[in-house]
Amino acid sequence: MAIRSVNPATGAVVQTFEPLGAAEIEQRLSRASATFAEYRRTTFAERAAWLLRAADLLDAERHDIAVTMTTEMGKTLRSAEAEAAKCAKGMRFYAEHAPAFLADEPLADPGVVGASRAFGRYQPLGVVLAVMPWNFPLWQVVRFAAPALMAGNVGLLKHASNVPQCALYLEDLFTRAGFPEGCFQTLLIGAGQVESVLRDPRVAAATVTGSEPAGQSVASICGQEIKKTVLELGGSDAFVVMPSADVERAAAVAVTARCQNNGQSCIAAKRFIVHEDVYDQFAQLFVEGMRALRVGDPMDPATDVGPLATEGGRADIEELLADAVKHGANVLCGGTAPSGPGWFFPPTVVGDITPDMRLHLEEAFGPLATLYRVPDIDAAVELANATSFGLGSNAWTTDPAEQERFIADLDAGAVFINGMVTSHPELPFGGVRRSGYGRELSAVGIREFCNLKTVWAG
């Protein structure tokens, strides 16, 4: 089946690509394996020079690749340009810090273990396959590729099939930056072709950002093959507001937290849990803010929310909403897709959510927010944790004791106090439970695909 780039604002097919055949996949695997044998011996200084060159090229081409991102998956042009800038920042971060992150690490007092020297050395694993999603078509890849390449690994990218132009751009970017041929290659393949690549003995490890089914499939195959995996899957982040919070600021941030990237972000706040003392105030401000967002052409600088990336994605949102309404939910704003071309859906807030609704349990991957009223912090924590996911969480309170309670008891890979969950190159990123395992970014992320070799010298 052909791989198609489709403009979600119009539904028009932009470009079509034929997936790689078996011989072409073999060629790329062979090249990656041969390249790793030599590339692993390059110096940090050499790798950093290439990565910094990639960052410079990306900065220079920021607008053009942003247009491609917007055309392929519908994010606003403004947010696409910001994503490209963030990628360049991430590259420079790892170019600068990789030598310190991967420096030899003292493991023990040598005398205690009967040695003259005892330390750990981080060494690359080899060829790493990255199975990546469409929602941040550059950033999701770069936050894997930059640390992996700086560690001495080589990368194979199986990108989402609806962003093939972004996938090809990334391979071309790293090649033009000077990385040796085979260091980073894009595989234009369908989902059914991934298993054979994963099982190939030349592939040492895999990383997945995407859906639970994708993570389950890759983890199962790699478990059979005994290969390292890092999984960053779905999220249904809680956004808790307590009486001591700055409610006006919390409500304003809540709008951004729900509708960033057209609502299609694993770390977007999705469940808004508000103490009854400030519920009415927050609800009014939040609904007003959501209603005020402008939905339209993502190329227009005045647009706040563009289309959903796929027709199926919009259908999923509509089904979740219909099920909730059927079971008694109250639509406070939005809720009806506009007529006309494109896969648009308005920012929507739904109240009176009950546990028998799918929307209570499933991730809503679009600008659809659920609003809950709770009587106290115990109920807030219990509801926040009443999900199978555990990626990020937001808590708004100025009470130090409440802050400590949320930090201690919210089951998530991150807790942001009085702020919106976001990713930074400097901070570890990842989840628990069905949101996955392992970490990206920071020093922790670059070490995920390294062998920490224990060295004992007598």
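Heavy-atom basis, side chains included; hydrogens, waters and symmetry copies ignored. By convention here, the first residue in the shown sequence is residue 1. Predicted, not measured: the structure shown is a model, and the values here were computed from it.
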Taking atom [atom1] of [X] as the centre, report whether more than 12 heavy atoms of other residues, nucleotides or ligands fall under 6.0 Å from it.
{"X": "Arg117", "atom1": "CZ", "answer": "no"}
{"X": "Glu181", "atom1": "CD", "answer": "no"}
{"X": "Glu311", "atom1": "CD", "answer": "no"}

Please enumerate all residues that pass side chain to side chain donor-acceptor pair (under 3.5 Å) together with [X], with sequence neighbours excluded.
{"X": "Arg47", "answer": "Thr42"}
{"X": "Arg31", "answer": "Gln185"}
{"X": "Glu38", "answer": "none"}

First locate atom [atom1] of [X], then atom [atom2] of [Y], and finally report the distance between them rounded to the nearest 0.5 Å.
{"X": "Leu231", "Y": "Ser435", "atom1": "CG", "atom2": "OG", "value": "10.5 Å"}
{"X": "Asp200", "Y": "Ile25", "atom1": "CG", "atom2": "CD1", "value": "10.0 Å"}
{"X": "Met299", "Y": "Leu77", "atom1": "CE", "atom2": "CG", "value": "6.0 Å"}

Axial cation check for Phe429 ring with Arg143, 6.0 Å and 45° limits: yes

How about [X] and [Y]: does a side-chain donor come under 3.5 Å of a side-chain acceptor?
{"X": "Ser5", "Y": "Glu72", "answer": "yes"}
{"X": "Ser79", "Y": "Thr76", "answer": "yes"}
{"X": "Thr186", "Y": "Tyr169", "answer": "no"}
{"X": "Lys86", "Y": "Ser423", "answer": "yes"}

Under 3.5 Å donor-acceptor, Thr303 side chain and Val305 backbone: no

Result block: side-chain N/O donor-acceptor pairs under 3.5 angstrom for residues 260-267, not counting sequence neighbours:
residue, atom, partner, partner atom, Å
Gln260, NE2, Ala257, O, 3.4
Asn261, OD1, Lys75, NZ, 2.7
Asn261, ND2, Asn135, O, 2.9
Asn261, ND2, Gln264, O, 2.9
Asn262, OD1, Gly306, N, 2.8
Asn262, ND2, Gly74, O, 2.9
Asn262, ND2, Pro307, O, 2.9
Gln264, OE1, Ala309, N, 2.9
Gln264, NE2, Asn261, O, 3.4
Ser265, OG, Ile267, N, 3.3

Ring-ring centroid check His360 Tyr372, cutoff 6.0 Å: yes

Contacts of Glu225 that satisfy salt bridge (Lys or Arg N to Asp or Glu O under 4.0 Å) - sequence neighbours left out: Arg199

Pairing residues for Glu363 by the salt bridge (Lys or Arg N to Asp or Glu O under 4.0 Å) criterion, not counting sequence neighbours: Lys270

Non-hydrogen side-chain atoms of Leu129 and Leu198 separated by less than 4.5 Å: yes

